[in-house]
There are 4 protein chains.
Amino acid sequence: MPISKKTTTGKPAPARRGELLATAADVFAEQGYSATTVRRIADAAGILAGSLYYHFDSKESMLDEILSTFLDELWAGYDAVLAARLAPRQTLEALVTESFREIDRHRAAVAIYQRESRHLVGQPRFGYLAESQRKFERVWLGTLERGAAEGAFRADLDVRLAYRFVRDTVWVAASWYRPGGAHSPEEIARQYLSMVLDGIAVRA
Amino acid sequence: MPISKKTTTGKPAPARRGELLATAADVFAEQGYSATTVRRIADAAGILAGSLYYHFDSKESMLDEILSTFLDELWAGYDAVLAARLAPRQTLEALVTESFREIDRHRAAVAIYQRESRHLVGQPRFGYLAESQRKFERVWLGTLERGAAEGAFRADLDVRLAYRFVRDTVWVAASWYRPGGAHSPEEIARQYLSMVLDGIAVRA
Amino acid sequence: MPISKKTTTGKPAPARRGELLATAADVFAEQGYSATTVRRIADAAGILAGSLYYHFDSKESMLDEILSTFLDELWAGYDAVLAARLAPRQTLEALVTESFREIDRHRAAVAIYQRESRHLVGQPRFGYLAESQRKFERVWLGTLERGAAEGAFRADLDVRLAYRFVRDTVWVAASWYRPGGAHSPEEIARQYLSMVLDGIAVRA
Amino acid sequence: MPISKKTTTGKPAPARRGELLATAADVFAEQGYSATTVRRIADAAGILAGSLYYHFDSKESMLDEILSTFLDELWAGYDAVLAARLAPRQTLEALVTESFREIDRHRAAVAIYQRESRHLVGQPRFGYLAESQRKFERVWLGTLERGAAEGAFRADLDVRLAYRFVRDTVWVAASWYRPGGAHSPEEIARQYLSMVLDGIAVRA
DNA sequence: GATGAATGAGCATTCATTCAT
DNA sequence: CATGAATGAATGCTCATTCAT
C-alpha cells in the first residue's frame, strides 16, 4: 500500500510522462523548486512550456509525483528490510545500505526532498511527507533505541541526537553523490557504516 | 585577511542595517532565497518593500552580505583554531566545536549557505563562496590526512569520503538546531565528536 | 509683463535657487525630463534628493521655472526688437540674431523646450507654453507674410512651410551649440541668415 | 550591407510583431521613450502588458528594433542615391527628397531618433547609431564640400555650419509632418530645396 | 501531442515626495 | 538648510497557466 494517494492520472502515454518527470526532477534538484521555471523544464525536454500542461496539471503536481514516487519506492525497500526482523545492528546496516541504493536510483528526488520537504510538510497536498517523516523516525529511532537497550549500541548517547546524526549523515550524501562514480552504493554504505558504527579514530 | 571583499562599508555602520539583515536571513532560511519575496522581508521588518532599497541595492545584495559576514566570522574562528597548531585529533575537535558555535550564532546564515551555495558558486558575485569552499576542504581534508598519517585516525578509510561524512554531518545540524534549546553548542559538539570519533556501536 | 505667472516663491535665498535651477536644466537637457531623476539633480548639486524639496515644490516646478524664466527673457528680447518697428527683412535678421543670443544664454532651457514642449502644452500648468507658441507664430509668420507682401521675401513659397523652415532651422541649433565654442552667437546668426535669405547654391 | 546587426530574425517573421512595433513607435514618438510605459503600448495594442514580452525581450529591444529597421531602410535609400554618382547639387536634391520620403514612411521612427539618439549613442547596444551618424556626416558633408569645390555651392560659407543647417532643417520636419496631409513628401522636398538652395529673400 | 499567443497575478525595483531631527 | 529614513504608487518584467488551432 503506497504512502501517497496519487499513482497515475487517467492520461494515456505513461512512458513520456516518466521521461518528463525525470527531466523535471533533475532541474528541480539543480536549481531548487521555486527557482525552476516551467520553461526551463520544457527547454530541457525539448518542448514548449505550454505543452507540459498536456501531461501535468501544474508545476506543483510534477513535484508531488516526483516525491511520492520516490517515497513509495523507498518504503517498499524499507518495509522489505523490516519484514526480515533482523537484530538492531543488522537492521541499521540494512537500512543504511537500502538508503544508499535509493540515493543511487533517485538521486534527484532525494536532493529535492532534502531541500524542499521542510516547507512542504505544511501544505495539505503534501501531507504524506509528514506521515512519511513520522514513520521514518519511528523506524530509525526505534532501531537505535532497541539496539541501545539490547547492548548493541552505546547507551551513553542522547538517542535523539544519534538519530539525527545517522539520518543526516546518510541522506546528505545525495548532495554530492553522482551515479556511476568511483563507488557503488553498497561500497559507500559499507564505509559509512564503518564510520558510524566504529568511528574514525584509531582505538586506544 | 577576510575571505569576502566587503567587510565594512565606509558608512558609520548603522544598526538598522544589521537588524534588517537578521530579519532577511531568518526569512531566507525559513522559505528559501528564491521563494522569499522582498515584501515578506519588509513585512517582517515592519516597513514597506520599497524602503528596503534605501539600505540595500537588491535582494541579492542582502543575501551576499549575509553570507559574506557569516563566512568572515567563520574564518576568523577557524583561523584562530589553526593558529594554535594542535595535533590532528585536537584540531578536529576544535574545528567541530567552533563549527557548532558558528551554527549557534549564525543559524540562519548557515542554513541559507547549505541550501543555496551550490547554485550560487557559479555567479561571479559569489566567487568568494568557491574560494571559501577550497580553503575549507584544504583545512578539513588536510587535518584528516595528517591524522591518518600520524596514526590518530583510521588509515583504512577513504579519506575524501570521511571528509564529506564529517563535513556534512556537522553543518546539516543547522537545519534542526534551535538556539536556546536543550543542548548548548559545546554539548552537541561533544556528543557529535564522540560519535564521529568512536562510533555508535558498542565495542566488541 | 512676463508671459508666465510664476516669478519667485515666497522662499528666502534666491541665489542658491538659481544655481540649483541651472544644474537641473543641464541635467534635463542632457537626459530628458522624464529620464532625469531628482536624485541625479541632487547629486550634481552635491546635496541629497530630499533636500531639493526645501527649495522647490516638485520636479515639475523646477521644469516650470526653467521654462518660464527662459520664455520671459526671450520675449523681453523679442519685444525690444518688435518695438523698433523695422522693415520685414531687418526684423527677421534681428529676430534670428536675438534667438541665437538666447540660445547662447539659455542653451539648456532651449534644448528642454524643444524636447518637451510638445507634450507639456496640454497641461494646464504649462498653459503659457501654448500662449507663447501662438505669439511666436504671430510674430514670425507675420513678419514673413509682411515681407512677402512688400516684396522682400519670395512670394512663390508656401509661407507656413517657410515659417516652419526658419523656425526649426534656428532653434534646432541649440542641440549642437556649445557656448564658448568657435563661433559667437552673432557670427552664427550671420551665417544662418545668409543661408536662409540667399541659399547655399551659387547663383546662376 | 545593413548598418544594424539584426535585419531579419530566423523566425517566420510574424506580422503581429510588425504591428506591435508600429504601435510602440507611435507611442514612443508621442510621449517620448522614457515617459512611455509598457502598459500604454499594450493598451494601444489591445493586449496586456506582460503579453508584449512574448514578442520582445524588453522595452529597450522594441526601441532598438524600431530604430535599426528605420536606419536600414534609410541607408538602402541613400545608397541607391549615391550609387547614381550624380553631381553634387543633384545628389543633394536626391538626398533631401529621399529623406522626406523616409519621414513619410517612418515618421514615428524619425521623431524617436531625433529625440532619443543623443543619449542612446553612448550605450553599446545602440552603437550602430554612432556608426550611422558618422556615415551620415561623411555623405552629406562630402557632398557639400564637393559642391563647394566644383562651384555648385557657395564657397564663402562655413561648410560644417551649412551641413548642420541642412541636416537639422530636413529631419526636424518629422516633428510636424503628418502623412496624408496637404503636401506630399516630394512637394515638401521641392519647397525645402528651393529655400535651402536659393534662400527666401528676393534677389536684389 | 504540441504550438503560439495570450492572461493575470505577482515580483523586484525605482522614484518623487514627506518629514522628524 | 540639509540629512536619513521612510512612503506609496507605479514600472518593467516574469511566470505559471490557459486555450484555440
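Below, read A as the first sequence line, B as the second, and so on, with proteins coming before strands; counting in each chain starts at 1.
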What is the distance, rounded to the nearest whole Å, between atom [atom1] of [X] and atom [atom2] of [N]?
X	N	atom1	atom2	value
Leu52(C)	dT3(F)	CG	P	10 Å
Asp43(A)	dA2(E)	CG	P	14 Å
Leu63(A)	dA16(F)	CG	C1'	14 Å

Should [X] be listed as having a side-chain N or O under 4.0 Å from OP1 or OP2 of [N]?
X	N	result
Tyr54(B)	dA5(F)	yes
Ser51(D)	dT7(E)	yes
Arg16(B)	dA6(F)	yes

Output side-chain donor-acceptor pairs under 3.5 Å for residues 31-38 of chain D, partner residues at least two apart or in another chain, one line each.
{"unit_1": "Gln31(D)", "atom_1": "OE1", "unit_2": "Arg40(D)", "atom_2": "NE", "d": "3.1"}
{"unit_1": "Tyr33(D)", "atom_1": "OH", "unit_2": "Glu60(D)", "atom_2": "N", "d": "3.2"}
{"unit_1": "Ser34(D)", "atom_1": "OG", "unit_2": "Ser34(C)", "atom_2": "OG", "d": "2.5"}
{"unit_1": "Ser34(D)", "atom_1": "OG", "unit_2": "Ala35(C)", "atom_2": "N", "d": "3.3"}
{"unit_1": "Thr36(D)", "atom_1": "OG1", "unit_2": "Gly32(D)", "atom_2": "O", "d": "2.6"}
{"unit_1": "Thr37(D)", "atom_1": "OG1", "unit_2": "Arg40(D)", "atom_2": "N", "d": "3.1"}

Dot-bracket notation for DNA chain E, counting Watson-Crick and G-U pairs under 3.5 Å, with | for partners on another strand: .||||||||||||||||||||
Report yes if some heavy atom in the side chain of [X] is under 4.5 Å from a heavy atom in the side chain of [Y]; otherwise report no.
X	Y	result
Leu63(B)	Leu120(B)	yes
Ser175(D)	Gln114(C)	no
Leu48(A)	Asp43(A)	no
Phe28(A)	Lys59(A)	yes

Closest to the Leu48(C) side chain, choosing from dA2(E), dG4(F), dG8(E):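 Looking only at heavy atoms from C-beta outward on Leu48(C), the closest nucleotide is dG4(F).
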Earlier contact from the 5' end, DNA chain F, for Ala35(A) and His55(B):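 Per heavy-atom nearest nucleotide, the more 5' residue is His55(B).
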Side-chain ion pair, Arg17(C) and Glu65(C), N-O less than 4.0 Å: yes
Any residue meeting salt bridge (Lys or Arg N to Asp or Glu O under 4.0 Å) with Arg115(B), in chain and number order, not counting sequence neighbours: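 Arg115(B): salt bridge (Lys or Arg N to Asp or Glu O under 4.0 Å) contacts with Glu116(A).
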Residues which pass salt bridge (Lys or Arg N to Asp or Glu O under 4.0 Å) with Glu19(A), listed by chain and number, not counting sequence neighbours: Arg16(A)
Every protein N/O within reach of nucleotides 9-13 of chain E N/O, cut-off under 3.5 Å:
{"unit_1": "dA12(E)", "atom_1": "OP1", "unit_2": "Thr36(B)", "atom_2": "O", "d": "3.2"}
{"unit_1": "dA12(E)", "atom_1": "OP1", "unit_2": "Val38(B)", "atom_2": "N", "d": "3.4"}
{"unit_1": "dA12(E)", "atom_1": "OP1", "unit_2": "Lys59(B)", "atom_2": "NZ", "d": "3.4"}
{"unit_1": "dA12(E)", "atom_1": "OP2", "unit_2": "Val38(B)", "atom_2": "N", "d": "2.9"}
{"unit_1": "dT13(E)", "atom_1": "OP2", "unit_2": "Tyr53(B)", "atom_2": "OH", "d": "2.3"}
{"unit_1": "dT13(E)", "atom_1": "OP2", "unit_2": "Lys59(B)", "atom_2": "N", "d": "2.8"}
{"unit_1": "dT13(E)", "atom_1": "O5'", "unit_2": "Tyr53(B)", "atom_2": "OH", "d": "3.2"}

Side-chain donor-acceptor contact under 3.5 Å, Asp64(B) with Tyr128(B): yes
Test item: side-chain donor near acceptor, Glu30(D) and His119(C), under 3.5 Å: no
Inter-nucleotide P distance (dT21(F), dG1(E)), Å rounded: 23 Å
DNA chain E: 5'-proximal contact among Ile47(D) and Ile47(A) (nearest heavy atom):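 It is Ile47(A), whose closest nucleotide lies nearer the 5' terminus.
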Separation of Ile112(A) CD1 from Ser117(A) OG (nearest 0.5 Å):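 Here the interatomic distance stands at 11.5 Å.
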DNA chain F contacts among residues 18-25 of chain A, heavy-atom distance under 4.0 Å: none
